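What follows is a set of notes on a single structure, which appears directly below.
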Amino acid sequence: MATSAVLAQELNFTRAAARIGIAQPALSAQMRRLETELGTALLVRNTRSVVLTTAGAALAEAAPPALAALDRAWETARSAAAGELGTLRIGYSLSTGAETVPALVDRLIRSSPGLEVGAVPMATPEISPAVADGRIDAGITRGEQPGPGVRRFLPREQSPLHRRIRAVAKTLAHELHWLPD
């Protein structure tokens with residue numbers, strides 16, 4: 001669709017192909033395939049000019065917003081993969097989290113505006129089981145040994161937010177002087 005949009009703007013195969021960065025015969029072949037797929041001609045071609053058909057003009061009008069939406073969808077997918085979107089549920093013990101969780105939540109939200117962060121105070125013995133069974137994505141405790149399937153530092157690695165949380169938590173731990181520099 002992007003190639004047809006450029007061709008509709010240029011109305012010249014040679015210039016459109018140069019702008020796209022492909023050979024003119026490749027552009028012609030792409031347009032023929034698109035016309036076959038749509039079941040209608042998009043262009044009237046002759047040796048001197050290219051003119052859009054009614055269907056070609058309709059596609060040329062619809063293509064830019066559709067391509068922009070596709071770009072946004074790809075960016076959304078990339079952001080989700082990078083842990084910048086989604087929901088993060090943090091369970092914390094009051095003895096540990098009351099001091100650290102507000103700063104952690106604030107930092108996570110500032111670094112990833114598309115991230116929804118929820119923090120829930122929990123009894124320390126409930127945190128590891130809650131991480132293991134997926135009720136929360138991460139837990140903050142002091143002194144508790146993690147349960148089966150839970151790592152001591154940022155447990156749920158399968159969470160798409162794992163790397164982002166780990167980086168923010170590590171930075172915060174340094175600032176609170178919990179880890180050496």
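This structure is a prediction, so every number in the text was calculated from the model and none was measured. Any value given below was found using the heavy atoms of this structure, including those in side chains, with hydrogens, waters and symmetry copies removed.
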- Task: Determine whether more than 12 heavy atoms belonging to other residues, nucleotides or ligands lie under 6.0 Å from atom CD of Glu61.
- Result: no
If we only count heavy atoms from C-beta on, is the [X] to [Y] side-chain gap below 4.5 Å?
| X | Y | answer |
| --- | --- | --- |
| Tyr92 | Val120 | no |
| Leu11 | Val51 | no |
| Ile136 | Ile90 | no |

- Flag yes if Leu38 and Leu7 sit in one hydrophobic cluster, no otherwise; membership is Ile, Leu, Val, Met, Phe, Trp, Tyr, and two members link when side-chain heavy atoms are under 4.5 Å apart. yes
- Is Leu94 reachable from Val117 through a run of I, L, V, M, F, W or Y residues, each pair having side-chain heavy atoms under 4.5 Å apart? yes
[X] side chain to [Y] main-chain N or O, any donor-acceptor pair under 3.5 Å?
| X | Y | value |
| --- | --- | --- |
| Arg45 | Val50 | no |
| Arg135 | Arg89 | no |
| Ser93 | Ala123 | no |
| Glu35 | Leu43 | yes |

- In Å, rounded to the nearest 0.5 Å, how long is the span from CD1 of Ile20 to CD1 of Ile22? 5.0 Å
- Item | Between Gln30 and Thr3, a side-chain donor and acceptor under 3.5 Å | yes
What closest approach, in Å, do [X] and [Y] show between heavy atoms, and which atom pair accounts for it?
| X | Y | answer |
| --- | --- | --- |
| Ala16 | Leu27 | CB-CD2, 3.7 Å |
| Leu59 | Ser4 | CD2-OG, 3.7 Å |
| Pro65 | Ala62 | CD-O, 3.3 Å |
| Leu67 | Ala2 | CD1-CA, 3.7 Å |
| Ala55 | Thr40 | CB-CG2, 3.9 Å |
| Leu34 | Leu42 | CD2-CD1, 3.7 Å |

- Do Glu75 and Arg78 meet the salt-bridge criterion of a basic N to acidic O distance under 4.0 Å? yes
